[in-house]
Enquirer: 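Here it is, the structure in full.
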Number of protein chains: 2
Amino acid sequence: MKPDSPNGAHSYCGAAREILTIIGAKWAVLVVSLLDEKPRRFSELKREIGDITQKSLTSVLRELEKDGIIERVVTPTVPPRVDYSLTELGRSLLVPIKALRLWAMENHPAVVAARERFEVKTAA
Amino acid sequence: MKPDSPNGAHSYCGAAREILTIIGAKWAVLVVSLLDEKPRRFSELKREIGDITQKSLTSVLRELEKDGIIERVVTPTVPPRVDYSLTELGRSLLVPIKALRLWAMENHPAVVAARERFEVKTAA
DNA sequence: CCGTATCATGAAGGTGCCGTCTTGCGCCTT
DNA sequence: AAGGCGCAAGACGGCACCTTCATGATACGG
């Protein structure tokens with residue numbers, strides 16, 4: 001997601017969008033949610049998500065690490081072992097994420113219905 | 001933002017991402033926030049946001065209308081007048097949006113600090 | 001010795017969002 | 001008759017994200 005320049009009158013929206021650039025990444029919410037349950041290894045994450053490629057997983061994890069959301073611990077055994085876990089900051093991020101999930105679950109039907117109404121209306 | 005296929009074990013994350021495809025649009029949060037203060041005309045929104053193009057504004061508004069977040073009322077005067085306002089669904093969306101904004105304002109410094117630490121660490 | 005397991009990186013291509021520019025429409029003012 | 005105003009939509013290009021495919025490093029088991 002692309003960064004923004006802050007908006008004058010409503011700069012807090014710029015702040016909101018900054019976090020959206022974090023959790024807006026395709027797999028970010030899922031990864032954070034999984035790491036909330038318990039810390040996991042790279043390969044565990046990959047296996048449980050299933051549809052993700054190594055490349056993409058590496059990429060999300062890097063981003064989240066960069067932003068201080070998760071911690072990356074390398075154990076230099078062979079083969080290497082890499083463990084990921086949420087930081088304190090990451091756990092605090094679960095608050096808005098859960099708000100998001102709640103709204104989504106409660107209102108998903110309403111959104112779908114609205115889209116159908118819109119289809120009908122614009123078909124005319 | 002691109003849609004997803006639901007993930008088996010954590011389908012609620014798919015739901016969360018659906019809403020992210022809504023408010024993840026570059027100007028969506030700002031537009032919804034402005035319409036929360038009061039209903040506004042197209043040209044008002046454009047003027048107050050400032051940096052947005054007509055094309056982009058039209059585009060966000062269409063999307064939000066499609067998803068049932070905002071309502072669009074055309075008054076066929078000349079020149080035409082178009083008023084936008086939040087629906088009930090849209091107002092409910094403010095709950096997660098505000099959670100997002102709050103987190104962003106509280107933790108923006110921590111994120112910036114983490115990024116700097118990351119820079120230093122990877123430079124080595 | 002060679003394959004394998006674990007994690008990471010790089011190039012290349014598709015796709016969708018967003019911005020710029022242009023066009024259109026409908027009636028008013030000048 | 002010409003141009004402006006308020007809103008929308010089209011073609012077009014850039015850019016970021018995501019995916020696919022290929023490669024690499026390392027040391028253990030067979």
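Throughout, a chain's letter reflects where its sequence line sits, starting with A, and its residues are numbered from 1.
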Enquirer: For Ile49(A) and dT19(D), what is the distance between atoms CD1 and C1' respectively, to the nearest whole Å?
Expert: 15 Å
Enquirer: Ignoring backbone atoms, establish whether Ser56(B) has a side-chain N or O less than 4.0 Å from OP1 or OP2 of dC18(C).
Expert: no
Enquirer: Just the table, please: protein N/O against nucleotides 7-13 of chain C N/O, every pair under 3.5 Å.
Expert:
residue: dC7(C); atom: OP1; partner: Arg41(A); partner atom: NE; Å: 3.3
residue: dC7(C); atom: OP1; partner: Arg41(A); partner atom: NH2; Å: 3.1
residue: dC7(C); atom: OP1; partner: Val82(A); partner atom: N; Å: 3.2
residue: dC7(C); atom: OP2; partner: Ser43(A); partner atom: N; Å: 2.9
residue: dC7(C); atom: OP2; partner: Ser43(A); partner atom: OG; Å: 2.6
residue: dA8(C); atom: OP1; partner: Arg72(A); partner atom: NE; Å: 2.8
residue: dA8(C); atom: OP1; partner: Arg72(A); partner atom: NH2; Å: 2.2
residue: dA8(C); atom: OP1; partner: Tyr84(A); partner atom: OH; Å: 3.4
residue: dA8(C); atom: OP2; partner: Tyr84(A); partner atom: OH; Å: 3.3
residue: dA8(C); atom: N7; partner: Gln54(A); partner atom: OE1; Å: 3.1
residue: dG10(C); atom: N7; partner: Lys55(A); partner atom: NZ; Å: 3.0

Enquirer: Would you mind reading off the distance between Asp51(B) atom CG and dG19(C) atom C1', rounded to a whole angstrom?
Expert: 12 Å
Enquirer: Tell me, please, which residues at least two apart from Arg115(B) pass side-chain contact (heavy atoms from CB on, under 4.5 Å).
Expert: Glu18(A), Lys66(A), Asp67(A), Val111(B)
Enquirer: What's the closest nucleotide to the side chain of Pro79(B) if the choices are dC5(D), dT20(C), dC18(D)?
Expert: dC5(D)
Enquirer: Going by the rule side chain to side chain donor-acceptor pair (under 3.5 Å), which residues pair with Glu88(A) if we only count those two or more places apart in sequence or in a different chain?
Expert: Arg91(A)
Enquirer: Between P on dC17(C) and CG on Leu57(B), what's the gap in Å once rounded to a whole number?
Expert: 17 Å
Enquirer: With sequence neighbours left out, write down each residue that passes side-chain contact (heavy atoms from CB on, under 4.5 Å) with Val32(A), or none if nothing qualifies.
Expert: Leu64(A), Ile69(A), Leu86(A), Leu94(A), Ile97(A)
Enquirer: In whole angstrom, give the distance that lies between atom CD1 of Ile23(B) and atom C1' of dC17(C).
Expert: 17 Å
Enquirer: Expressed as a whole number of angstroms, how long is the span from Leu30(B):CG to dC18(C):P?
Expert: 13 Å
Enquirer: In chain order, what residues pass the side-chain contact (heavy atoms from CB on, under 4.5 Å) check against Glu44(B), with sequence neighbours excluded?
Expert: Lys38(B), Arg40(B), Arg41(B), Arg47(B), Glu48(B)
Enquirer: What's the NZ-C1' distance between Lys26(A) and dT19(D), to the nearest Å?
Expert: 8 Å
Enquirer: Restricting to side-chain contact (heavy atoms from CB on, under 4.5 Å), what partner residues turn up for Val78(B), sequence neighbours left out?
Expert: none
Enquirer: Using whole Å, report how far CZ of Arg17(B) lies from C1' of dC17(D).
Expert: 11 Å
Enquirer: With a 4.0 Å limit, can you tell me whether Thr53(B) has a side-chain N or O closer than that to the phosphate oxygens OP1/OP2 of dT20(C)?
Expert: yes
Enquirer: Between Trp103(A) and Ser92(B), is there a side-chain donor-acceptor contact under 3.5 Å, judged purely by atom types and distance?
Expert: yes
